[in-house]
Amino acid sequence: MREVNYKDMKFNPFNLLGKEWMLVSAGNEQDGCNTMTISWGHLGCLWGNNDPTAVIYLRPSRYTKTFVDKEEYFTLCVMDKSFKKQMAYLGSVSGRDEDKITKAGLTKVFADNSVYFAEAKMVFICKKVYASPLQQSGFISQETIDKSYPERDFHTMYVGKIEKILVRDEEYLNK
């Protein structure tokens, strides 16, 4: 993998998150790590300076959240389509109960203050800059609450400054 500048990137963020999905991961070699599949989130710029940012949302019940809360960094990995089955598995099984990363056949890479996977085709290394639970009082539509939060287990929103982007091939780069 090689590091690239976000200004040289080309991709559709709606497809990247909603269709291709991503793995959000956090942890370290000494204390362990976890990952989970996400299909909600945002990529863009926030708070001036055109710093690239990623916004992710984690429910309080997710084991990965304990690692994201504890660590200063998290990563977002984009996997090849051939990993769709593993990604579905990683999003439905808890790392509390088994070593799901090994079972999914992924190779952990501990670098850049976090963990990502050697099999990823693109990695965003993000430094947390903001975290806050979503509040029921902030929702304009009761329908959204009823549909997405029947248990009232509101996600925590995390904003991460994208400090480094790694790519395996030219697929996501302007040519």
Backbone N or O of [Y] within a donor-acceptor pair of the [X] side chain at under 3.5 Å?
X: T64; Y: T35; answer: yes
X: E20; Y: K81; answer: no
X: R62; Y: M36; answer: no
X: R2; Y: L166; answer: no
X: T53; Y: G160; answer: no
X: T75; Y: F124; answer: no
X: S148; Y: I145; answer: no
X: K121; Y: D80; answer: no
X: T102; Y: D99; answer: no

Nearest heavy-atom neighbours spanning [X] and [Y]:
X: F139; Y: Q135; answer: CD1-O, 3.3 Å
X: A54; Y: L76; answer: CB-CD1, 3.6 Å
X: N34; Y: G95; answer: OD1-CA, 3.4 Å
X: F117; Y: S25; answer: CE1-OG, 3.2 Å
X: F110; Y: N28; answer: CE2-C, 3.3 Å

What verdict does the side-chain hydrogen bond (donor to acceptor under 3.5 Å, both in side chains) test give for D69 and Y158, after you've listed the backbone C-alpha separation in whole Å, the side-chain angles of each residue and the deciding distance to 0.1 Å?
CA-CA 9 Å; D69 284 341; Y158 299 88; 2.4 Å; yes
Should V129 and F74 be regarded as members of a common hydrophobic cluster, given that ILVMFWY residues are connected when their side-chain heavy atoms come within less than 4.5 Å of each other, either directly or indirectly?
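V129 and F74: separate clusters.
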About how many Å separate CD of E163 and NZ of K127, when rounded to the nearest 0.5 Å?
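K127 NZ to E163 CD: 5.5 Å, rounded to 0.5 Å.
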CD-CG distance between Q86 and L23, expressed to the nearest 0.5 angstrom
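Q86 atom CD to L23 atom CG measures 10.0 Å (nearest 0.5 Å).
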Using side chain to side chain contact (heavy atoms under 4.5 Å, CB included), reason through E3 and I165 one step at a time and then give a plain yes or no.
CA-CA 6 Å; E3 183 176 356; I165 302 170; 6.0 Å; no
W40 vs H155 aromatic rings, parallel, tilted or perpendicular, using cut-offs 30° and 60°?
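Taking H155 first and then W40, their aromatic rings sit tilted (interplane angle of 30° to 60°).
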Residue pair V78 / F11, side-chain heavy-atom distance below 4.5 Å
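In short, these two side chains do not touch, never coming nearer than 4.5 Å.
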When you compare the side chain of N50 with that of Y6, does any pair of heavy atoms fall below 4.5 Å?
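Y6 reaches N50 side chain to side chain.
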Decide whether [X] and [Y] meet the rule of one side-chain donor and one side-chain acceptor closer than 3.5 Å.
X: S114; Y: E71; value: no
X: Y149; Y: Q136; value: no
X: E72; Y: N113; value: no

Derivation and outcome, side chain to side chain contact (heavy atoms under 4.5 Å, CB included), residues M157 and I56:
CA-CA 6 Å; M157 177 180 72; I56 62 168; over 6 Å; no
For D51, give me all partners under salt bridge (Lys or Arg N to Asp or Glu O under 4.0 Å), at least two apart in sequence or on another chain.
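For D51 there are no salt bridge (Lys or Arg N to Asp or Glu O under 4.0 Å) partners, ignoring immediate neighbours.
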